[in-house]
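Read through the structure below, which is laid out as structure tokens, and then see the notes.
Remember, predicted model here, so these are calculated numbers, not experimental data.
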Amino acid sequence: MDRAVERTLYALGLSANYVGFSQLAVALEIALREPEALRRVTKYLYPETARRCGTNWKAVERNIRTMLRRAWRCAPGRLEEWAGCPLAGCPHPAQFIAILIHHLGDMP
């Protein structure tokens with residue numbers, strides 16, 4: 001797992017004891033290498049993540065939603081900061097992934 005991805009997830013209060021932690025990390029690594037995956041989240045990103053993690057895309061989506069809810073509870077201000085604008089509420093999973101990709105792209 002990429003150290004920047006791991007640090008980013010921990011900064012949101014997420015920890016590796018959740019199955020979704022590694023699945024979200026894989027999804028982020030795919031999206032970093034293939035930016036077009038952000039436009040095809042349910043058609044490509046979730047299924048490809050599931051294939052790499054040995055599960056199904058619905059489990060990936062559910063586990064990423066769990067990570068999103070936890071991050072929103074623990075660090076909503078940090079998510080807004082990384083988004084670069086106020087968020088009206090908890091973002092959708094695709095928005096969450098896009099915010100994290102944007103943040104990772106800004107890291108030194």
Side-chain angles (χ1 to χ4, degrees):
M1 179 183 308
D2 183 279
R3 296 292 295 160
V5 169
E6 188 176 328
R7 282 193 313 271
T8 296
L9 297 180
Y10 276 111
L12 293 173
L14 306 177
S15 59
N17 62 310
Y18 289 94
V19 172
F21 185 90
S22 60
Q23 292 174 352
L24 178 55
V26 168
L28 292 172
E29 290 169 1
I30 291 168
L32 283 166
R33 281 194 296 277
E34 304 172 45
E36 68 278 1
L38 289 174
R39 291 188 300 274
R40 299 174 43 222
V41 174
T42 57
K43 297 277 187 188
Y44 176 73
L45 185 59
Y46 290 161
E48 181 59 20
T49 301
R51 186 185 68 75
R52 293 183 189 192
C53 295
T55 190
N56 66 68
W57 74 269
K58 288 185 179 188
V60 168
E61 180 181 29
R62 180 188 64 239
N63 292 331
I64 289 176
R65 283 183 187 276
T66 298
M67 295 289 90
L68 166 58
R69 286 191 300 270
R70 175 139 178 90
W72 187 247
R73 267 194 323 270
C74 293
R78 182 164 283 147
L79 274 176
E80 285 190 334
E81 175 188 334
W82 292 353
C85 63
L87 299 172
C90 184
H92 295 285
Q95 293 170 308
F96 177 56
I97 293 168
I99 290 166
L100 298 181
I101 292 299
H102 174 74
H103 172 71
L104 287 162
D106 286 349
M107 291 180 80

Within the 4.5 Å heavy-atom criterion, are R40 and L45 side-chain neighbours or not? no

Tightest non-hydrogen contact, residues I30 and A37, listed as CG2-CB, 4.4 Å

In sequence, state the C-alpha distance, the side-chain angles, and the governing distance for E48 and R52, and then conclude on salt bridge (charged side-chain N to carboxylate O under 4.0 Å, His left out). CA-CA 6 Å; E48 181 59 20; R52 293 183 189 192; 2.8 Å; yes

Atom pair CD1/OG1 of I64 and T49 - distance to nearest 0.5 Å: 6.0 Å

Calculate, to the nearest 0.5 Å, the distance between atoms NE2 and CG belonging to H102 and L38 respectively. 12.5 Å

State, with a plain yes or no, whether a side-chain heavy atom of L12 is found less than 4.5 Å away from one of F96. yes

Polar side-chain atom of E34 near backbone of A31 as donor-acceptor pair, under 3.5 Å: no

Please round to the nearest 0.5 Å and tell me the distance separating atom SG of C53 and atom CG of N63. 9.5 Å

Steps toward side-chain contact (heavy atoms from CB on, under 4.5 Å) verdict (D2, L28): CA-CA 10 Å; D2 183 279; L28 292 172; over 6 Å; no

Hey, is the main chain of P86 close enough, under 3.5 Å, to the side chain of E80 for a donor-acceptor pair? no

Closest approach of P47 and V41, non-hydrogen atoms and distance? CD-O, 4.0 Å

Here the pair of heavy atoms bringing P93 nearest to L68 is N-CD2, 3.8 Å

Can any side-chain N or O of Q23 pair as donor or acceptor with the backbone N or O of A50 at less than 3.5 Å? no

Do R65 and E61 pass the salt bridge (charged side-chain N to carboxylate O under 4.0 Å, His left out) test, and can you show the C-alpha distance, the side-chain angles, and the key distance before you say yes or no? CA-CA 6 Å; R65 283 183 187 276; E61 180 181 29; 3.4 Å; yes

Does any part of the side chain of V60, heavy atoms only, come nearer than 4.5 Å to the side chain of V26, both counted from C-beta? no

Just verifying a value: how many Å separate L104 CG and R7 CZ, rounded to the nearest 0.5 Å? 9.0 Å

In terms of ring plane angle, is the pair W57 and Y46 parallel, tilted or perpendicular, where the classes change at 30° and 60°? parallel

Minimal heavy-atom distance between A59 and T55, with the atoms involved, is CB-OG1, 3.5 Å

Distance in Å, C90 SG paired with R73 CZ, rounded so as to fall on 0.5 Å steps: 9.5 Å

For M67 and L14, work out which heavy atoms get closest and say how close. O-CD2, 3.4 Å

Yes or no on side chain to side chain donor-acceptor pair (under 3.5 Å) for Y44 and E36, after CA distance, side-chain angles and deciding distance? CA-CA 9 Å; Y44 176 73; E36 68 278 1; over 6 Å; no

In the structure I gave you, are the side-chain heavy atoms of L24 and I97 within less than 4.5 Å of one another anywhere? yes

What closest approach, in Å, do S15 and Y10 show between heavy atoms, and which atom pair accounts for it? CA-CE2, 3.7 Å

Roughly how far apart are Q95 CD and L100 CG, rounded to 0.5 Å? 12.0 Å

